[in-house]
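Data block below; observations after.
Just so we're clear, the structure is a prediction, and the values are computed from it rather than from any experiment.
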Amino acid sequence: INHHVYYCAIMRLLWMIWFLIVTVIAADEVDLEKEVLHETIAAGRGERDDIGVRDQWSSTDHLTSKFNSRQPILANVKRLLREYRLECDGCDNDEAVARINAFVRDTKRYAKRRAQYQKWLERTALSVVALGTAMFLFTKIRMSKSASGKKSAGSVHRVVDDQKRSEIEEQQRGAAMKEESVHAKRGTAPTWRDNEEKEVWTPKQEKQFAKGLVSFGGIPPKERYRLIADKVDDKTRQECLMHHKLQQLIAKEQ
């Protein structure tokens, strides 16, 4: 819920910033149109500030004479044409002035639009920085909460694992103690030598066994002890094998 509230607040802030940028740009456009209109009116009126009546208007001499209204370009206007690098071949003074005024208006309009575009870029950059900062803070808060949640979950899992490990070790110790107690009750288990030394062999069986060893000495052990057992009364192949092994061990000890 907290993440959703942070996200809504950030989106509202960005929407307000964007609305302010659009409003300022629209206001600048309106001011530019008004300024161009005033410049156009001033250019049409010339240098006169008040509306008056000229003396020539009351004269009637000009009605019967021919008058050339195309005034040659004045020196001041020619200088402006050269400075602005404007071409006006065949123009009179009024046309040259109109061209200069149009060039000045276009230049001012371009400069203002460029300034507005620069302001828009700066505001957009600020908006992007604000958005990036907000998203960074939002991501950092979310990651910190996620890390704390994982840490708490990991600590819980470690506690559970430690409990299980201690239970298993306790069970192993109990099983080892039970096994030790069983062995203590039973005593030490007898070895194969103890069992073989308790085995009873008569003199006759000893003679039969010795004779069999001599007779079948070159045969492989597996087949040899089977053949020897066939020659010894009441003895199996395994008993003959263990008896021979005991004799070899005693001979080494001596």
Side-chain angles (χ1 to χ4, degrees), residues 1-15 128-206 208-210 212-254:
I1 296 175
N2 293 331
H3 294 171
H4 182 69
V5 172
Y6 293 151
Y7 179 76
C8 292
I10 292 170
M11 293 303 296
R12 288 178 182 175
L13 177 61
L14 295 177
W15 176 253
V128 171
V129 171
L131 177 61
T133 304
M135 294 301 294
F136 173 75
L137 294 175
F138 175 74
T139 305
K140 190 173 182 181
I141 292 171
R142 189 171 183 179
M143 290 178 64
S144 63
K145 290 187 177 180
S146 178
S148 62
K150 289 182 179 179
K151 187 175 180 181
S152 60
S155 61
V156 172
H157 287 304
R158 282 197 298 272
V159 171
V160 174
D161 293 339
D162 292 340
Q163 292 178 353
K164 289 183 178 179
R165 190 180 298 108
S166 62
E167 291 178 358
I168 292 172
E169 291 176 354
E170 187 67 25
Q171 291 177 359
Q172 291 177 350
R173 284 194 295 270
M177 292 175 65
K178 288 181 180 179
E179 187 175 357
E180 289 178 359
S181 63
V182 170
H183 284 305
K185 291 179 180 179
R186 291 180 179 178
T188 305
T191 62
W192 68 272
R193 181 171 181 173
D194 296 334
N195 293 330
E196 186 60 29
E197 288 177 349
K198 294 177 181 179
E199 187 73 21
V200 178
W201 283 72
T202 63
K204 181 180 179 180
Q205 290 173 338
E206 290 288 354
Q208 293 173 347
F209 177 75
L213 284 176
V214 174
S215 300
F216 306 110
I219 299 175
K222 186 175 181 180
E223 186 67 20
R224 182 199 312 165
Y225 293 107
R226 185 181 65 79
L227 295 174
I228 292 173
D230 293 339
K231 299 296 182 179
V232 179
D233 297 338
D234 301 328
K235 295 296 180 180
T236 63
R237 172 185 172 278
Q238 184 67 23
E239 290 174 343
C240 292
L241 173 62
M242 299 306 294
H243 187 63
H244 188 208
K245 185 176 179 181
L246 177 62
Q247 289 180 350
Q248 290 175 343
L249 182 61
I250 293 172
K252 287 182 179 180
E253 291 177 351
Q254 293 177 352

Requested in this report: Apply side chain to side chain donor-acceptor pair (under 3.5 Å) to Gln205 and Asp234, showing your working.
Outcome: CA-CA 9 Å; Gln205 290 173 338; Asp234 301 328; 4.6 Å; no
Requested in this report: List the steps, then state whether side chain to side chain donor-acceptor pair (under 3.5 Å) holds for His243 with Gln247.
Outcome: CA-CA 6 Å; His243 187 63; Gln247 289 180 350; 3.1 Å; yes
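In this structure, the separation between CD1 on Ile250 and CD on Glu196 is 9.0 Å, given to the nearest 0.5 Å. The NE2 atom of His244 lies 4.0 Å from the CD atom of Gln248; values are rounded to the nearest 0.5 Å. The line from CZ of Phe216 to CG of Asp230 is 7.5 Å long, rounded to the nearest 0.5 Å. Summarising the geometry, atom CZ belonging to Phe136 is positioned 10.0 Å from atom CD1 belonging to Ile141; distances are rounded to the nearest 0.5 Å. Rounded to the nearest 0.5 angstrom, Lys231 NZ and Leu213 CG are separated by 13.5 Å.
Residues forming a salt bridge (charged side-chain N to carboxylate O under 4.0 Å, His left out) with Glu199 (at least two apart in sequence, or on another chain): Lys235. For Asn195, the side chain to side chain contact (heavy atoms under 4.5 Å, CB included) partners two or more places apart in sequence, or in a different chain, are Pro190. Annotation: side chain to side chain contact (heavy atoms under 4.5 Å, CB included) contacts of Pro221 (sequence neighbours excluded): Arg224, Tyr225.
You'll find the side chain of Lys222 reaches within 4.5 Å of the side chain of Arg237, heavy atoms only.
Residues Ile228 and Cys240 share a closest heavy-atom pair of CG2-SG, 4.2 Å. Shown here for Val232 and Gln208, the closest heavy-atom pair between the two residues is CA-OE1, 3.2 Å.
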